[in-house]
Colleague: 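Right, I'll just put the structure down here and ask away after.
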Amino acid sequence: MSKKLQWIVRVTFWLYLLYIYITVYRQGSFYSFLLLNTFLGYLPIEIALHLKATQSKLIYWGLFVLWLLFYPNAPYVITDLFHLARMDPYNPANGLMSFDLHMWLNFTNLVASAFGCALMGIWSLEYVAQTLQKRFRLLGWPYRTLLVVFLTLASSIGIYVGRFLRLHTAYLFFEPDAVIKQLLEMWNPRMLIFVTFMTIIQLIIWAALVIGRELIGNYDKSEKLLK
C-alpha cells in the first residue's frame with residue numbers, strides 16, 4: 001500500500017472515531033461501545049501498515065505476533081450487528097418500516113464500524129499472508145489460501161474468546177495466568193461450531209474481495225480504463 005493510501009486509511013479511521021466520540025460516546029448512547037470496539041478493530045490494520053517482509057527477524061516477528069493478538073478485534077466488530085435487535089424498525093400501526101432517522105443513524109454507525117473494520121481487517125490478513133509467502137518463498141495461490149485459512153481460524157478463536165469469555169487482548173499481558181487457564185478450559189463442540197461459523201463468514205468476505213478485485217482489474221486492463 002502506498003504512503004498516500006496509508007494516510008487515507010489512518011485519517012478516515014481517526015475522523016470516524018472522533019465522530020463516534022462526539023455524537024455517540026459523549027451523549028451516553030447505548031452504542032458507545034462502538035468507540036472502543038472500532039478502535040481495537042483499527043489497531044491490527046495500523047500494525048499491518050508497519051509490517052514488511054524484508055524487516056529483521058526480531059522486528060518482523062514481533063510485529064507479526066502483535067498483529068496476530070489484535071487481529072481478531074477487526075472481524076469481532078461484525079458480531080456487534082446483533083445489537084441491531086435493540087431497534088424496532090417496524091411501525092406497529094401499518095406494519096411498514098419506520099422512517100425514524102435516529103434509528104437509521106444507529107443502523108449506519110453499526111454497519112459502518114462492522115464493514116470498515118472487517119473489510120480493512122481482511123486486507124491486513126491477506127497482506128500479512130503475502131509477507132509470510134515472501135519470507136518463506138511460498139509461491140502460488142494454494143499457499144496463500146492455506147495461510148489465509150490458518151490465520152482466519154486463529155482469528156475466529158479470538159472472536160469466541162472476546163465475545164463469550166469477555167477477554168480483551170490486553171488481559172494477556174496483565175493477567176496471563178487467568179487468561180491461559182480460561183483458554184485451556186474453553187474447548188468444547190459448541191465452541192468449535194461457533195469458530196467454524198466465524199471462519200466461514202470471514203472466508204466468504206475474503207473470497208468476495210479477491211474475486212471482485214480480479215474482475216475489476218481484468219476489465220480495467222482489457223478496456224484500458226486506467227492509466
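In this text the structure is predicted, and so the values were computed from the model without any measurement. Hydrogens, waters and symmetry mates play no part in the numbers below; they use all other heavy atoms, side chains included.
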Colleague: Could you see if L34 belongs to whatever hydrophobic cluster contains I22? Use Ile, Leu, Val, Met, Phe, Trp, Tyr and a side-chain cutoff under 4.5 Å.
Modeller: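 Result: yes, single cluster for both.
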
Colleague: Mind checking whether F164 and F194 have ring centres under 6.0 Å apart?
Modeller: yes

Colleague: How about CH2 on W7, more than 12 heavy atoms from neighbouring residues, nucleotides or ligands closer than 6.0 Å, or not?
Modeller: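 No.
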
Colleague: Would you kindly confirm whether V77 and I159 end up in one hydrophobic cluster when ILVMFWY residues are joined by side chain heavy atoms under 4.5 Å apart?
Modeller: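 Per the 4.5 Å side-chain linkage, V77 and I159 are not co-clustered.
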
Colleague: Please enumerate all residues that pass ring pair (Phe, Tyr, Trp, His ring centres under 6.0 Å) together with Y60, with sequence neighbours excluded.
Modeller: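 Checked Y60 against ring pair (Phe, Tyr, Trp, His ring centres under 6.0 Å); zero matches.
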
Colleague: Any donor-acceptor pair under 3.5 Å linking the side chain of Q133 with the backbone of L139?
Modeller: no

Colleague: Does any N or O in the side chain of Y42 come within less than 3.5 Å of the main-chain N or O of A74, such that one atom is a donor and the other an acceptor?
Modeller: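 No: the side chain of Y42 does not pair with the backbone of A74.
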
Colleague: Is a side-chain donor or acceptor of N106 paired with a backbone partner of M103 at a separation under 3.5 angstrom?
Modeller: no

Colleague: Should L43 and I8 be regarded as members of a common hydrophobic cluster, given that ILVMFWY residues are connected when their side-chain heavy atoms come within less than 4.5 Å of each other, either directly or indirectly?
Modeller: yes

Colleague: Counting N and O atoms only, with roles assigned by atom type, does the side chain of N188 sit under 3.5 Å from a partner on the main chain of M186, one being a donor and the other an acceptor?
Modeller: yes

Colleague: Using the ring of each side chain (for Trp, its six-membered ring), is W206 parallel, tilted or perpendicular to W141, with breaks at 30° and 60°?
Modeller: tilted

Colleague: Between W67 and S124, what is the shortest heavy-atom contact and its length?
Modeller: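 Looking at all heavy atoms of both residues, the shortest contact is NE1-OG, 3.2 Å.
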
Colleague: Measure up the H83 and F33 rings against each other and bin them: parallel (under 30°), tilted (30 to 60°), perpendicular (over 60°).
Modeller: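 Rings of H83 and F33: tilted, as their planes differ by 30° to 60°.
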
Colleague: Run the numbers on E214 and K221 for salt bridge (charged side-chain N to carboxylate O under 4.0 Å, His left out), then give the verdict.
Modeller: CA-CA 10 Å; E214 287 296 314; K221 187 182 297 184; over 6 Å; no

Colleague: For the residue pair Y19 and Y16, categorise the inter-ring angle as parallel (less than 30°), tilted (30 to 60°) or perpendicular (more than 60°).
Modeller: tilted

Colleague: Testing L153, L203, T79 for side-chain contact (heavy atoms from CB on, under 4.5 Å) with M198, which one passes?
Modeller: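 Single side-chain contact (heavy atoms from CB on, under 4.5 Å) partner of M198 among L153, L203, T79: T79.
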
Colleague: Grab the two heavy atoms, one from R135 and one from A53, that are nearest each other, plus how far apart they are.
Modeller: NH1-O, 2.9 Å

Colleague: Applying the side-chain contact (heavy atoms from CB on, under 4.5 Å) criterion to T152, which one of I122, T199, V195 satisfies it?
Modeller: T199

Colleague: Is I200 reachable from F115 through a run of hydrophobic residues whose side-chain heavy atoms are each under 4.5 Å from the next?
Modeller: no

